[in-house]
Amino acid sequence: TIATPGAVSAEHPYVVLAAGTTTRDSGLLAHLLPLFEAHHGLTVRVIGVGSGRAIELARRGDVDALLVHDPAAEEALLRDGVASERRAVMVNDFLLVGPADDPAGAARAADAPDALARVARVRELFLSRGDDSGTHKRELALWQTIDTIPTGDWYRETGSGMGATLNTAAQLGAYTLVDRATWLFFRNRGKLTALHEGDARLRNSYSVLLVSSTAHSHVRPQARELVDWLVSEEAQAAIRAYTIDGQVLFHPAARPPAKEAP
Amino acid sequence: MPQPERLRILPLRLEGVVLELGGARLLDDLSFVLERGPCSVILGPNGAGKTLALRVCNGLLKPDAGHVAWAGPDAAQAARGRALVFQRPMLLRRSAWANIDYALRLRRLPKPERDQRIETVLQETRLLPLASRPARQLSGGEQQRLALARAWATDPSVLFLDEPAAALDPGATRALEEAIRAVRASGTKIVMTTHDLGQAERMADEILFMHRGHLLEQTRAASFFTAPETEEARAFLKGEVL
Amino acid sequence: MPQPERLRILPLRLEGVVLELGGARLLDDLSFVLERGPCSVILGPNGAGKTLALRVCNGLLKPDAGHVAWAGPDAAQAARGRALVFQRPMLLRRSAWANIDYALRLRRLPKPERDQRIETVLQETRLLPLASRPARQLSGGEQQRLALARAWATDPSVLFLDEPAAALDPGATRALEEAIRAVRASGTKIVMTTHDLGQAERMADEILFMHRGHLLEQTRAASFFTAPETEEARAFLKGEVL
Amino acid sequence: MNDLTLAFATALHLILSFDPDLVEIVLLSLQVSGTAVVLAALVGLPFGAAVGALRFPGRRALVVLLNASMGLPPVVVGLLVYLVLSRSGPLGWLGLLFTPSAMVIAQTLLIAPIIAALTRQAIEDLSEEYDEPLRSMGANFPQRVATLLFEGRLSLATTLLAGFGRAIAEVGAVIIVGGNIAHVTRVMTTAIALETSRGDLPLALGLGLVLVGIAIVVNGCAQWIQEVARRAAT
Amino acid sequence: MNDLTLAFATALHLILSFDPDLVEIVLLSLQVSGTAVVLAALVGLPFGAAVGALRFPGRRALVVLLNASMGLPPVVVGLLVYLVLSRSGPLGWLGLLFTPSAMVIAQTLLIAPIIAALTRQAIEDLSEEYDEPLRSMGANFPQRVATLLFEGRLSLATTLLAGFGRAIAEVGAVIIVGGNIAHVTRVMTTAIALETSRGDLPLALGLGLVLVGIAIVVNGCAQWIQEVARRAAT
Ligand SMILES: Nc1ncnc2c1ncn2[C@@H]1O[C@H](COP(=O)(O)OP(=O)(O)OP(=O)(O)O)[C@@H](O)[C@H]1O
Ligand SMILES: Nc1ncnc2c1ncn2[C@@H]1O[C@H](COP(=O)(O)OP(=O)(O)OP(=O)(O)O)[C@@H](O)[C@H]1O
Ligand SMILES: [Mg+2]
Ligand SMILES: [Mg+2]
């Protein structure tokens, strides 16, 4: 037989998890996964990609599980039979960041849509990820609530990941929407500061999905162990325990252990 | 030098060969036959087409019209049976010894025989002390002698020499001429060009006189030097500007 | 050719020049003086070091010991006053005309004068019909003539020629010798090597005889050919293998 | 390989529909990389030729550095340019960050070493034959370098095309200093990276094929210019 | 330029502390790019030399394609390899995706054209001088190609170093087919990209400097091998 990774995994069994860049870049997975690996004799190979690419990887059967934050796309995966299971794992939130002097006065806004509206009104520079990521989709949804189609010189799509977009915003003194985990972990903030947060519309929920072995017969069955563990007491506690500068990045969101739906 | 049964690839026939390069007709209706035996010397002023004719004979240039026909059963055999020493020798970036070895390995000779032949030809060309020198650092005359040794070592049925003595000192020239005579005696056909009329007289059995891409005469050497048929040949022999 | 006041860069003195390359001593304690006027011919067997000596004289190789001294006030002037035609001519990838033009532009000559000089030297070397040909496609003898024309066009005080007639036909050789005589008459110093003893006798006023990196004789030409002083020179003149 | 068919179809559609966004992106790509090649050639050709033609102490070390600099990672070059051009950087006052100029600077820095290193080798090979004759003709050092560059123009053209290929295909540096801002600094490669991260592989590949097509057209033009030049001169 | 000082300090610290993770990443980078260069050379050198030494109809078009292929974007190569190696792709059953082998394949495809294109030019230059003499000696086509490759070995070494530089600096292709998995497929460039997206620019730059250092060491070794070879032979 050919020495496929399957054969290699006889010694070193592993599963492949496509995870949103945020969960990787924020250091959460580096904190979490060793706990899992220690007790399950299984390593997790993390592919850090945007949600769009993660979904694509799942559809092609190139990964065994997903940890993403794009509810609409996740449901589509379930519907199409690509994923056999989806479990809520955790939530965090988005915040609007921008230059410390806040020329748009976004900090004084009543809610998130209002904050965006203020930026649009004074045409202060706003950077959109523009990459169909979970963050980008949430931003578009917020514009929709105030019936604005942002266009013009002040609205720019960076077409890049969260980190790159923040690097750009820090230099240009622009506003942008960012998830809390990336923000807390990010080193190159420059003059950027958090201006608006805490709105319910800024909630960001992460789920883990198991790729269906019917759709893709070669997915590693051990992935179920990972999925089950992520919603376990141990993992949920560990998620809560992960802080940066005293701030919790992700809040556990798994429903208490109950009878799972078939 | 070993003297095995040589490949029978002669006579070589050129018929109506025309060569055009860069819009100019450089060889025009060139026809001649080179037989086994006599030493053929091609004479002619600079730019007459001597080098081009040698390249055509060796299959390095394809004529635009006309034929080049070797007597051998196939082209591959003809190619194996001939060797050409260029007017401006091309030496490989390796030692003098290795340059000859390269040519012999192309003929698939076993190592002991190669070594023996190399030693013989280096001795003959007085290059043995320089055997391990990088070939490209040799002096002009040494390079020309090495190119000659390399061709010679392959023991060809026909040996084409394009001005082989141009860079040689008087002693080397004399040695070359003696060597050529010996080679010829062993049955190798010699076809050479030279600008040294004395050398041509000493070496040639027949003369091919070229002028502006045309073959004007192909005659026995004695009669060419005593009674050239064409005006051009007479002027050439007198060293007049043509 | 115009005959302006030539740069006074002679005599050239070599004193105790030693050159070592690749671990071998190729020029050993070479000392001579080249004066204005006489045509100096360097003779010697292949590998004697003639070409190396010319390269040292032209500042292309730095001797490991000893001195090379031109009479001119500074090195730049000496460089402008000399020209060297290599044994294996290097031609630029452009037309014959442009090759000469290149050398003249280096001397900052105005265009009309350049054109006039180019035409003169091409005429003298019978290359005018080939003026627009790519230089690298010329025949061996044509290339050598072009290299000569290029050096000549710069109207040097000293003209070094490394076997200038090696690839030339008899007519061109005669023309070359006449041209050299004319150039010399106009005050240009000629330093040349040759393997053609007849040519050496015709051209030389003085002979420098080299052997294995040593200068064995520097004498008047007549006495060299009639009564060579050294054993090596005698053997060389007889065409014996040294 | 259904995806490939889809990618080809996408590429064809993109080209035939003459999508104005695509045209804009293509033109910016050509402009940025073309300018970078010209600038890099202005520096890299003479510098590489000088190193190739000259012998001096420490030359060998310089050649090692030059060859190693062909392995400069685009991301590193991008970061360096970013730091220099950033508001807090020494040239921040120029306000060049996230403009096409910044991308040109980054690509120039990236390919100048490649052009210089390949030029050095080409000129070193040539100078074996040319150096002494040129010196004997009295050509001074700049003249010799210029002549060697001219004599080697055919193989140096390939060197420039290698530089162009590296520039037009490069994404790591331009995305950092350009920011992939739509309609401002988005070029072919950053657009491809974006579609890839979106998971729209057919579109990404389609754009990639268009880019390859552009490279072919540019190389074809270069070849054609060479032919014409060869026929015109010598 | 405080950042730069910090980056140098970081690089120094990384090297001096002999960080085991860094060592692992460095070794994988060298292994992947080294293997890719060897494989690409095995294909690119003979192919480039054959095109350089042979005259045939359609050759000019092939040369244009070859030169254009130096502009193949890494992301596109990465995507193509990904589609082929993906579970739903034709070679999915090999299970090579997200392994170092996949990265080797992608880099090989990326640099083989560069090596071939530069080799073609070098060999074409050489064959002007060598072709007729070799043919007259009775060397057949493969023998001529082998001889030209050997005679041009010094300048071809630079070609291989150019390929190595491109491979070791490349990130777009390896990140797609390798996935930048820690301890499995993380190489220097993907690590740099990761730190950049984290906004840890000093660490990213520090890693970049380490990478440049590696390139210098590799090139130094290559030069040294050449010197030794030159002295040993000829
Ligand atoms: N590739 C080429 N393109 C154009 N013209 C050429 C080419 N090769 C040779 N020629 C021309 O063809 C003519 C004959 O060249 P050839 O080399 O055969 O002369 P030759 O008789 O050997 O002269 P020489 O005694 O000087 O060596 C010359 O005028 C030369 O310029
Ligand atoms: N770069 C070099 N390295 C080592 N040896 C060299 C080098 N250049 C020349 N030589 C050797 O020096 C000797 C003298 O060479 P040179 O070219 O001066 O001879 P020459 O007198 O001009 O001979 P010829 O009449 O054959 O042209 C030769 O034996 C040659 O092999
Ligand atoms: Mg000839
Ligand atoms: Mg000589």
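Sequence lines set the chain letters: A, B, ... in the order given, protein chains first and strands last, and positions in each chain run from 1.
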Query raised in the report: Non-hydrogen atoms of chain E under 4.5 Å away: do they reach the side chain of D/Ile214, the backbone, both or neither?
Result: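 It is neither, since no heavy atom gets under 4.5 Å.
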Query raised in the report: Side chain, backbone, both or neither: which part of D/Ala117 has an atom under 4.5 Å from a heavy atom of chain E?
Result: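 Backbone of D/Ala117 only, per the 4.5 Å heavy-atom cut-off to chain E.
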Roughly how far, to the nearest 0.5 Å, is the [atom2] atom of [Y] from the [atom1] atom of [X]?
X	Y	atom1	atom2	result
E/Arg166	D/Leu72	CZ	CG	13.5 Å
D/Gln223	E/Arg60	CD	CZ	7.0 Å
E/Leu66	D/Leu161	CG	CG	11.0 Å
E/Thr158	D/Arg120	OG1	CZ	5.0 Å
E/Ile216	D/Asn67	CD1	CG	11.0 Å

Report task. Measure distances from E/Ile176 to the heavy atoms of chain D and classify the residue's part below 4.5 Å as side chain, backbone, both or neither. Result ->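 For E/Ile176, the contact with chain D is made by the side chain alone.
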Query raised in the report: Using non-hydrogen atoms only, which part of E/Val63 is less than 4.5 Å away from chain D: side chain, backbone, both, or neither?
Result: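 The side chain, not the backbone.
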**Report entry** Top contributor to chain D interface from E/Val64, E/Thr159, E/Thr189 [non-hydrogen pairs under 4.5 Å]
**Finding:**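 The option with the most such pairs is E/Val64.
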Report task. Using a cut-off of under 4.5 Å on heavy-atom pairs, state which of E/Met70, E/Glu124, E/Met188, E/Gln121 scores highest against chain D. Result ->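 Among E/Met70, E/Glu124, E/Met188, E/Gln121, the one with the most close pairs to chain D is E/Gln121.
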If you define the side chain from C-beta out and look only at heavy atoms, does anything of [X] sit under 4.5 Å from [Y]?
X	Y	answer
D/Leu80	E/Leu205	yes
D/Asp125	E/Asp125	no
E/Pro73	D/Val212	yes

Query raised in the report: Considering all heavy atoms of both residues, which atom of E/Gly71 and which atom of D/Ala169 are nearest to each other, and what is their separation?
Result: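 Taking E/Gly71 first and D/Ala169 second, the nearest heavy atoms are O-CB, 3.5 Å.
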**Report entry** Closest non-hydrogen atom pair, D/Asn219 against E/Ala68
**Finding:**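 Minimum heavy-atom separation between D/Asn219 and E/Ala68: ND2-CA, 3.1 Å.
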Query - D/Leu79/E/Leu201 under side chain to side chain contact (heavy atoms under 4.5 Å, CB included): CA gap, chis, key distance, verdict - result: CA-CA 8 Å; D/Leu79 282 177; E/Leu201 303 193; 3.8 Å; yes
Report task. With a 4.5 Å cut-off on heavy-atom pairs, point out which of D/Leu209, D/Ile168, D/Thr196, D/Val217 contacts chain E the most. Result ->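 If we count pairs closer than 4.5 Å to chain E, D/Thr196 comes out on top.
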Query - Contact leader toward chain E among D/Leu207, D/Val218, D/Leu154, where contacts are heavy-atom pairs under 4.5 Å - result: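 When all of D/Leu207, D/Val218, D/Leu154 are compared, D/Leu154 has the most.
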